[in-house]
Amino acid sequence: MHVVRARRLTREESVDFLERGFSELGIRVPRSIIETAVEELDGVIGWLTLFGYTCYLNPNACTENIDKVLEQAVRIGREELERFLSMSRSSRYRSLLRILTTERRWSEIKRMLEMDEGRTINDRTLYEHLRRLIELSIVEKRDDTYVISDPVLRRAAMLL
């Protein structure tokens, strides 16, 4: 597994990224479609690039049905999560990913995981699992809560 870290673009940077790319390709995409894509893809460069590439290959899919592009991204995201899960030694990650589709506090994560497994979870064990997900940029800690940082991966995790 290779980890590539890229910062998330701001809303303005994301719009600019797509507009410049479409301009270079000579494709006209309505601003409303670009803004919807930016809203859904939340500045993740890889997903923005996939969106742009899909529009390049099929401009009608881009302007007529943005949901199809998002479905493709979720499918790829799910494959990535499944690959991670298959390489992981712990089956606990699958439950954690489903739990973290919603922003949650530590105590809530622990309680839900214990309910899911029907047994007590050691704090250190949970900490190590969360730390690993954070290191892989799958999860981020926001103040006192944890959540899957990428909106596409969040949708994909709901399908696990």
Side-chain angles (χ1 to χ4, degrees), residues 1-88 92-106 108-109 112-113 116 129-160:
M1 179 181 301
H2 299 283
V3 178
V4 177
R5 298 204 192 284
R7 74 174 178 86
R8 183 174 284 155
L9 300 178
T10 66
R11 181 174 182 74
E12 295 77 27
E13 289 172 325
S14 298
V15 169
D16 184 58
F17 176 79
L18 289 174
E19 285 180 338
R20 284 179 189 235
F22 292 140
S23 175
E24 287 178 17
L25 294 170
I27 298 172
R28 293 211 14 89
V29 177
R31 176 76 179 223
S32 61
I33 297 293
I34 290 173
E35 288 178 356
T36 299
V38 167
E39 178 85 18
E40 294 290 329
L41 303 173
D42 197 27
V44 177
I45 294 170
W47 300 130
L48 293 169
T49 302
L50 175 66
F51 174 74
Y53 182 68
T54 303
C55 290
Y56 169 70
L57 292 178
N58 184 357
N60 290 335
C62 176
T63 58
E64 291 174 7
N65 195 349
I66 193 170
D67 291 337
K68 293 289 183 194
V69 176
L70 294 172
E71 285 175 22
Q72 180 184 9
V74 169
R75 191 171 42 255
I76 291 168
R78 183 175 181 188
E79 289 169 6
E80 290 295 317
L81 290 177
E82 290 288 358
R83 193 171 303 119
F84 163 73
L85 292 170
S86 71
M87 294 172 49
S88 171
R92 186 167 286 149
Y93 284 110
R94 185 174 299 274
S95 294
L96 267 174
L97 290 171
R98 281 194 303 261
I99 289 168
L100 293 170
T101 58
T102 302
E103 198 167 321
R104 301 190 189 279
R105 299 176 82 71
W106 170 277
E108 191 177 8
I109 297 167
M112 292 177 78
L113 196 55
D116 195 41
H129 279 73
L130 287 172
R131 185 176 61 82
R132 175 81 173 130
L133 291 171
I134 291 169
E135 285 173 358
L136 293 172
S137 299
I138 295 172
V139 169
E140 69 182 4
K141 185 176 181 184
R142 299 177 183 164
D143 298 319
D144 292 333
T145 61
Y146 299 82
V147 69
I148 296 174
S149 53
D150 178 331
V152 172
L153 289 184
R154 201 174 309 130
R155 285 184 182 190
M158 290 177 191
L159 303 174
L160 294 175

(Q) For Arg105, is the CZ atom crowded, meaning more than 12 foreign heavy atoms sit under 6.0 Å from it? (A) no
Q.
Any side-chain to backbone donor/acceptor pair from Arg78 onto Leu159? Under 3.5 Å, distance only.
A. yes
Q. Say you draw a straight line from CG of Leu113 to CG of Leu100; how long is it, rounded to the nearest 0.5 Å?
A. 9.0 Å
**Q.** Distance, nearest 0.5 Å, that separates OG1 of Thr49 from CD1 of Ile45
**A.** 7.0 Å
Q) What are the two closest non-hydrogen atoms of Val147 and Glu103, and how far apart are they? A) CG2-N, 3.6 Å
Q. Do side-chain atoms of Arg11 reach the backbone of Gly43 as a donor and acceptor pair under 3.5 angstrom?
A. no
**Q.** Heavy-atom closest contact (Ser149 atom, Ser137 atom, distance)
**A.** OG-O, 3.3 Å
Q. Are more than 12 heavy atoms from other residues, nucleotides or ligands located less than 6.0 Å from atom CZ of Phe17?
A. yes
Q) Do Ile76 and Val152 come close enough that some side-chain heavy atom pair is under 4.5 Å? A) no
**Q.** Student check: side-chain heavy atoms of Glu140 and Ile134 closer than 4.5 Å
**A.** no
Q) Is the shortest heavy-atom distance from the side chain of Val44 to the side chain of Leu48 under 4.5 Å? A) no
Q. Considering only heavy atoms from C-beta outward, does the side chain of Leu81 approach that of Leu153 to under 4.5 Å?
A. yes
Q: Would you check if the side chain of Arg104 reaches a backbone N or O of Thr145 as a donor-acceptor pair within less than 3.5 Å?
A: no
Q) Is Ser23 reaching over with its side chain to a backbone N or O of Glu19, donor-acceptor style, under 3.5 angstrom? A) no
(Q) Between Ile109 and Leu96, is there a side-chain heavy-atom distance shorter than 4.5 Å? (A) yes
(Q) More than 12 heavy atoms of other residues, nucleotides or ligands under 6.0 Å from CZ of Arg28: yes or no? (A) no
Q. Should Val15 and Arg31 be marked as a side chain to side chain contact (heavy atoms under 4.5 Å, CB included) after you check the CA-CA gap, both sets of side-chain angles, and the distance that decides it?
A. CA-CA 9 Å; Val15 169; Arg31 176 76 179 223; 3.6 Å; yes
Q: Determine yes or no for a side-chain-to-main-chain donor-acceptor pair under 3.5 angstrom, with Ser88 supplying the side chain and Phe84 the backbone.
A: no
Q. Is the backbone N or O of Thr10 less than 3.5 Å from a side-chain atom of Glu13, with the two atoms forming a donor-acceptor pair by type?
A. yes
Q) In Å, rounded to the nearest 0.5 Å, how long is the span from CD1 of Ile148 to CG of Leu133? A) 8.0 Å
Q) Are any non-hydrogen side-chain atoms of Phe51 and Leu70 less than 4.5 angstrom apart? A) no
Q) In Å, rounded to the nearest 0.5 Å, how long is the span from CG of Leu85 to OH of Tyr93? A) 10.0 Å
Q: Provide the closest heavy-atom pair for Thr101 versus Ala157 in the form atom of the first, atom of the second, distance.
A: CG2-CB, 3.6 Å
Q.
If you define the side chain from C-beta out and look only at heavy atoms, does anything of Leu160 sit under 4.5 Å from Glu82?
A. yes
Q) Where do Ile27 and Cys55 come nearest, in terms of heavy atoms and distance? A) CD1-O, 4.0 Å
Q.
With heavy-atom distances below 4.5 Å as the criterion, would you say the side chains of Asp116 and Arg92 are in contact?
A. no
Q. Does a donor on one side chain sit under 3.5 Å from an acceptor on the other, for Asp150 and Trp47?
A. yes
Q) At their closest point, which heavy atom of Glu40 faces which heavy atom of Pro151, and how far apart are they? A) O-CG, 3.4 Å
Q.
Please report the interatomic distance CD(Glu35) to CG(Leu18), rounded to the nearest 0.5 Å.
A. 11.0 Å
Q: Please indicate whether Arg20 has more than 12 foreign heavy atoms, meaning atoms of other residues, nucleotides or ligands, lying under 6.0 Å from its CZ.
A: no
Q.
Assess the residue pair Tyr146 and Ile99 against the criterion (side chain to side chain contact (heavy atoms under 4.5 Å, CB included)); give the C-alpha distance rounded to whole Å, side-chain angles, the decisive distance to 0.1 Å, and a yes or no.
A. CA-CA 10 Å; Tyr146 299 82; Ile99 289 168; over 6 Å; no
Q | Inter-residue atom distance Lys141.NZ - Asp143.CG, 0.5 Å rounding | A | 9.0 Å
Q: Run the numbers on Arg75 and Glu79 for salt bridge (Lys or Arg N to Asp or Glu O under 4.0 Å), then give the verdict.
A: CA-CA 6 Å; Arg75 191 171 42 255; Glu79 289 169 6; 5.2 Å; no
